[in-house]
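Notes follow once the structure below has been shown.
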Protein chains: 2
Amino acid sequence: MPASDKAGKAAGPSKRADAVRNQQKLLAAAAEVFVVSGVDAPIREIAAKAGVGMGTIYRHFPTRADLVVAVFRHQVEACAEAGPRLLAETDSPFEALWQWIDLFVDFLVTKHGLANAPQPDSSGFVALHTYFLDRLLPVAEQLLDAAIEAGEVRSGVQAYELMRGVGNLCIGSDGDPRYDPRRLVALLLRGLQELGAS
Amino acid sequence: MPASDKAGKAAGPSKRADAVRNQQKLLAAAAEVFVVSGVDAPIREIAAKAGVGMGTIYRHFPTRADLVVAVFRHQVEACAEAGPRLLAETDSPFEALWQWIDLFVDFLVTKHGLANAPQPDSSGFVALHTYFLDRLLPVAEQLLDAAIEAGEVRSGVQAYELMRGVGNLCIGSDGDPRYDPRRLVALLLRGLQELGAS
DNA sequence: TCGTAAGCGGAGCAACGTTCCGCTTGTTTT
DNA sequence: AAAACAAGCGGAACGTTGCTCCGCTTACGA
């Protein structure tokens with residue numbers, strides 16, 4: 001292909017076309033495999049599905065978390081952007097916080113659902129959580145602070161703690177009708193709520 | 001009587017003395033190794049520490065969970081027995097439930113502390129939780145039902161769900177001063193509490 | 001067209017879980 | 001006491017995994 005038409009690519013040091021292509025293939029294959037085998041699927045399986053060698057996968061995504069993060073980046077971004085919007089649209093900051101956490105739970109449940117196929121396990125999981133937390137933490141802080149300021153929520157709990165708590169509650173959430181993380185998250189939020197007198 | 005004079009052992013089909021000895025050595029070694037390397041320590045390491053072969057460890061404890069359960073059985077038992085006692089000693093069933101869950105959290109934090117050394121999480125973990133849950137569930141049900149009956153707790157949450165929730169909240173609880181599972185558990189319980197009017 | 005190096009593939013290594021079977025060693029029987 | 005039995009033992013061996021490493025391929029600028 002005679003090509004120097006870099007098209008819309010960013011002003012990077014011109015990556016090779018096949019490298020970009022492989023990265024795409026990898027992401028697509030990973031997303032597919034994750035659904036079937038969970039995020040702990042063997043690296044080989046993903047590489048095979050993408051039709052590339054194992055060296056390639058490790059070059060593009062040095063750790064498993066890197067790959068998973070890349071696959072889920074869109075959803076995380078959407079959730080992060082929903083925060084300020086909900087705060088603006090809703091009268092009660094606590095209500096906004098509640099709705100936003102619902103979104104967050106939706107995302108977590110989906111993600112965990114993918115991971116829990118065979119074993120409800122979770123090896124590279126927490127590292128993963130940690131990353132998403134870093135991205136979403138500022139949003140959570142904004143919402144929580146607003147709710148505290150409005151006197152709707154008792155202080156004493158940090159946004160970080162709340163996020164990790166919600167994240168943990170969503171672990172192992174599928175395949176067991178007796179365990180509905182949403183109910184527990186609701187309890188948590190109710191406990192967080194400041195009721196009239198202090 | 002076929003060797004029933006063997007100490008206080010139950011009426012088993014007379015196990016061989018060396019087998020019993022090995023089981024003890026295994027338990028001791030496992031407890032020791034768990035502290036250093038977490039519950040995911042290589043089987044080989046435990047076998048080596050105990051001075052036995054790998055076949056032995058698999059014969060006594062077919063799955064990793066079996067081994068871990070054996071190691072922690074005492075603590076679980078103590079926790080289970082504390083339930084009815086607290087209920088009898090305390091006036092408010094909700095207060096008894098709260099105290100008992102504190103005990104449960106103590107246990108979980110300890111256990112997780114052992115497991116979180118290298119990777120904050122790991123594989124055979126949930127199965128483990130499940131076992132402990134099975135043992136402690138009846139106790140939790142007793143406490144929760146009493147609290148509901150006394151009108152101190154809103155119904156709608158099952159004991160199973162509560163236990164799993166608390167268990168999940170305790171994951172990854174050490175090494176991070178920003179995350180204190182007790183605070184979140186407190187929130188959860190507050191949310192569970194029925195406040196005056198229904 | 002041609003040279004260069006970025007990129008690729010997968011063989012190879014180490015570590016792990018798990019199985020299997022011949023030998024050891026308590027225990028029972030005579 | 002000695003012999004016979006089988007419960008129990010050890011660890012070699014196998015399959016699977018994560019990860020590295022290096023010779024070959026090929027895209028791309030000149």
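Worth knowing before you read on, the calculation uses all heavy atoms, side chains too, and leaves out hydrogens, waters and symmetry mates. So that the names make sense, note that chain A is the first sequence line, chain B the second, and so on, each numbered from 1.
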Exercise for the section: Identify, residue by residue, the members of residues 51-60 of chain B with a heavy atom below 4.0 Å from DNA chain C, and return them in order of residue number, or none. Expected result: B:Met54, B:Gly55, B:Tyr58
Completion exercise
Rounded to whole Å, the CZ-P distance (B:Arg64 to C:dC16) equals 10 Å
Practice task
Mind calculating the distance between CD1 (B:Ile43) and P (D:dG11) to the nearest angstrom?
Solution key: 16 Å
Handout entry: Among D:dA27, C:dC16, D:dA7, the nucleotide that comes nearest once only the side chain of A:Asp18 is considered
Key = D:dA27
Problem - Separation of atom CD in B:Gln24 from atom C1' in D:dG8, rounded to whole Å - result: 16 Å
Exercise for the section: Mind calculating the distance between CD1 (A:Ile46) and P (D:dT16) to the nearest angstrom? Expected result: 18 Å
Problem - Residues forming a side chain to side chain donor-acceptor pair (under 3.5 Å) with A:Gln24, sequence neighbours excluded - result: none
Exercise for the section: Nearest-nucleotide wise, let me know which of B:Pro42 and B:Arg21 is further upstream toward the 5' end of DNA chain C. Expected result: B:Pro42
Exercise for the section: Write out all pairs satisfying salt bridge (Lys or Arg N to Asp or Glu O under 4.0 Å) with one or both partners inside residues 181-191 of chain B, taking only residues at least two apart or from two chains. Expected result: A:Glu161-B:Arg183, B:Asp106-B:Arg182
Handout entry: Nearest listed nucleotide, side chain of A:Arg16, among D:dG8, C:dG7, C:dG17
Key = C:dG7
Exercise for the section: Tell me whether the OP1 or OP2 atom of D:dG8 has a side-chain N or O from B:Asn22 closer than 4.0 Å. Expected result: no
Handout entry: Any side-chain donor near an acceptor of the partner, B:Gln99 and B:Thr90, under 3.5 Å
Key = no
Handout entry: Pairs meeting criterion side-chain hydrogen bond (donor to acceptor under 3.5 Å, both in side chains) with involvement of residues 75-86 of chain B, two or more places apart
Key = B:Glu77-B:Arg135
Problem - Residues in side chain to side chain donor-acceptor pair (under 3.5 Å) contact with B:Ser155, at least two apart in sequence or another chain - result: none
Exercise for the section: If a pair satisfies side-chain hydrogen bond (donor to acceptor under 3.5 Å, both in side chains) and one of its residues is in residues 53-63 of chain B, list it, with sequence neighbours excluded. Expected result: B:Gln23-B:His60, B:Thr63-B:Asp66
Handout entry: Side-chain N,O (B:Arg44) to OP1/OP2 (C:dC16) below 4.0 Å
Key = no
